[in-house]
Amino acid sequence: FYSSCRLMANRQNLGLIDGQWVSAQSGKTFPVLNPVDSSPIERVPDMDATDTRLAIDAAAKSFKTFRKTLAKERSELLRSWYNLMVKHAEDLAKILTQENGKSLNESRAEVKYGNSFIEWFAEEARRINGEILQAPFKNRELFLLRQPVGVAGFITPWNFPHAMITRKAGAALVAGCTCVVKPSEDTPLTALAIAQLAEEAGFPAGAINVVTTSLENSIGVGQELCTNPKVRVLSFTGSTAVGKILYKQCAPSMKRLNLELGGNAPYIVFESANVDLAVNGAMSSKFRNTGQTCVSANRFFVHSKLYDEFVSKFITKIASDIRLGDGSKEENTHGPLIKESQLKIINSLVDDAREKGATIHCGGKHLPDIGPLFYAPTVITDVTKEMEIYAREIFGPVAVIHKFHDEEEVLQKANDTPVGLAGYFYSNDISQIFRVARDLEVGMIGINEGLISCTEAAFGGVKESGIGREGSSHGIDEYVDIKYVCIGNI
Ligand code: ADP
């Protein structure tokens, strides 16, 4: 399946440094596993801080010339890259399913979403303009230049192996930055495939470098990306815990930071909501990518008047719509969890809730007969504060549903968390829609809609969910410095 991808036909799996496909200096490799049965797919270089330094040097050298390219030239490079990724979309989706486990349809959707960032930034390239200011003195002219920050380091996760790279790389490259990408140890093959297409699109050597690493080496590679003074901006998508480590590590060299971290999304169904719409939205918001997304609905709050209807329709829909299995087979809608450590967390959260008296309406169990990492879609109610699952990001196919009685009470509960990434609510009361949209402490809100991410919108969180925005025209700001220029005595 994997080796049948035309995209992978002509090359071994190697890292990309300074336009060369290379092994780790140490010669070490590590296996990439298919989560559907934990079988090895390929081995890739296990690069460390030494390799990372070489990649940073290459990016810094390339930046000297890349920063001077015309916006139109960068736009054309991105456009060529986009066209190649569209041409190879089906191969990219197959590679993605193989290493991540999500169904082919979900992979196709991710590839489309990921590609859209490159198209978007190709279009935005021509609008990275400076400003001319009104000077407070007659003999002066003041203006602001917008210039690329420098080398960008990216540390990306396994849940969206394609889109989390293109969302960062598109913005950085269009601004004139060069980059070093450290993909997740679980999903480096997608990163290598899209880098191969970037090379084919004509990006100069060193503009995009990919350092593949095992989990053990990720710490050293991360340290190098955070502490090397040649890296001027670090962009990370992943857990809040790791984000905090990177934030600290970046302080001594005062890097720009873009952090897209964990969420704990409330999903509120108010009294005036259309229940069927809310159930449909819940299916995609909760179960897309087997619940492993940072914007997944994590805490359902349903008004007491609709509660029984919502719970019963949701359970029925889960039974009829979800088919677990090998994502490479078209008939399967959902795949496994990514790895053993995730399965352990889900198992322990659900077991803890069960022992402390929660009601498990469906699922609640590991399904080893399908594959070692499959977990049944689960609905839990009667969850209390004493249960571990009450407050934490679940990152799996487990829906926790609470009952509420009024708006004030539910807003207080929804905001009672240190993070604030996405939030969703269903309502047909126009005043309530504005009130709640203003008062939910999150960076992104879906109203009567469970899937809201797109390249045109600004993605990002508040509180401990991160710093900065990706996508939209604001995404470029992370990679641009404003330089004030004053011409006097004219
Ligand atoms: P998740 O919990 O979703 O796996 P992580 O935050 O652990 O998310 O991982 C996201 C990315 O961060 C991956 O590329 C991983 O290799 C990397 N990573 C994990 N720990 C560290 C660390 N200490 N320093 C740098 N990168 C890390």
Side-chain angles (χ1 to χ4, degrees), residues 15 30-33 35 44-49 51-53 55-56 99-102 152-165 167-169 179-192 194-195 209-228 231 234-251 253 255 257-264 288-296 298 336-346 348-349 373 392-396 419 421 461 464-467 470:
F30 70 99
V32 184
L33 306 181
V44 297
D46 190 0
M47 294 179 157
D48 58 22
D51 305 285
T52 310
R53 219 166 293 134
I56 294 169
E99 65 178 352
N100 168 285
K102 64 175 82 175
F154 302 146
I155 299 178
T156 58
W158 46 264
N159 59 349
F160 290 92
H162 179 82
M164 293 306 97
I165 293 176
R167 192 160 78 177
K168 298 181 193 305
C179 57
V180 177
V181 187
K182 189 212 92 61
S184 166
E185 57 280 1
D186 300 312
T187 55
L189 300 174
T190 300
L192 296 176
I194 61 183
N209 305 275
V210 182
V211 175
T212 54
T213 63
S214 64
L215 180 59
E216 293 70 46
N217 275 333
S218 286
I219 294 165
V221 167
Q223 263 166 357
E224 184 62 33
L225 286 172
C226 290
T227 56
N228 191 314
V231 176
L234 185 92
S235 180
F236 168 75
T237 298
S239 59
T240 298
V242 173
K244 287 180 180 178
I245 297 173
L246 303 180
Y247 198 171
K248 246 190 217 162
Q249 287 178 353
C250 283
S253 57
K255 284 189 203 347
L257 268 169
N258 171 221
L259 299 173
E260 302 290 349
L261 310 176
N264 185 4
R288 183 170 60 121
N289 209 11
T290 312
Q292 304 169 112
T293 94
C294 51
V295 293
S296 290
N298 202 53
L337 295 166
I338 186 80
K339 51 188 161 187
E340 185 72 29
S341 55
Q342 292 293 124
L343 175 67
K344 270 197 186 139
I345 294 170
I346 303 300
S348 111
L349 287 174
L373 298 171
R392 65 169 285 170
E393 185 179 27
I394 300 167
F395 238 68
V419 293
L421 191 59
E464 292 186 18
S465 286
I467 300 172
E470 290 194 309

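This one's a predicted model, so the numbers in the text were calculated from it and none came from an experiment. First listed ligand is number 1; within each ligand, the first listed atom is number 1.
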Check: of T293, I345, V242, min heavy-atom distance to atom 7 (O) of ligand 1 comes from V242
Side-chain donor-acceptor pair present, K255, S253, cut-off under 3.5 Å: yes
Can you pull out the closest protein heavy atom to atom 3 (O) of ligand 1? Residue, atom name and distance to 0.1 Å, please. W158 NE1, 3.4 Å
Ligand 1-proximal atoms of L246, by part, heavy-atom distance under 4.0 Å: side chain
Within-cut-off N or O pair, Q342 and ligand 1, under 3.5 Å: no
Nearest protein heavy atom with distance in Å, relative to atom 17 (C) of ligand 1: I155 CG2, 3.7 Å
Check each of S214, G220, S239 against atom 2 (O) of ligand 1 and report the one with the nearest heavy atom. S239
Number the atoms of ligand 1 from 1 as they appear, then name those within less than 4.0 Å of a heavy atom of T156, with their elements. 11 (C), 13 (C), 14 (O)
Please report the closest heavy-atom contact between G396 and I346, naming both atoms and the distance. CA-CD1, 3.7 Å
Are any of the side-chain heavy atoms of T213 and D46 separated by less than 4.5 Å? yes
Closest approach of P188 and V32, non-hydrogen atoms and distance? CG-CG2, 3.6 Å
My question is simple, although I want it checked carefully: is atom 23 (N) of ligand 1 less than 4.0 angstrom from any protein heavy atom? yes
Candidates T212, T52, I155, V180 - the one meeting side-chain contact (heavy atoms from CB on, under 4.5 Å) with V221: T52
Using a 4.0 Å cutoff against the non-hydrogen atoms of G238, which atoms of ligand 1 qualify? 6 (O)
Does NZ or CZ of K182 lie under 6.0 Å from the centre of the six-membered ring of F236, at an angle within 45° of the ring axis? no
At what distance is the nearest protein heavy atom to atom 16 (O) of ligand 1, and which residue and atom is it? E185 OE1, 2.5 Å
Tell me, with the steps shown, if N298 and N264 meet side-chain hydrogen bond (donor to acceptor under 3.5 Å, both in side chains). CA-CA 5 Å; N298 202 53; N264 185 4; 2.7 Å; yes
State, yes or no, whether a side-chain contact exists between L259 and Y247 at a heavy-atom distance under 4.5 Å. yes
Which atoms from ligand 1 have a heavy atom of G222 less than 4.0 Å away? 25 (C)
Numbered in order shown, the ligand 1 atoms found under 4.0 Å of a heavy atom of S218 are 16 (O), 24 (N), 25 (C), 26 (N)
Give the residue, atom name and distance (to 0.1 Å) of the protein heavy atom nearest atom 12 (O) of ligand 1. F236 CE1, 3.3 Å
Does a side-chain heavy-atom distance below 4.5 Å link C226 with K248? no
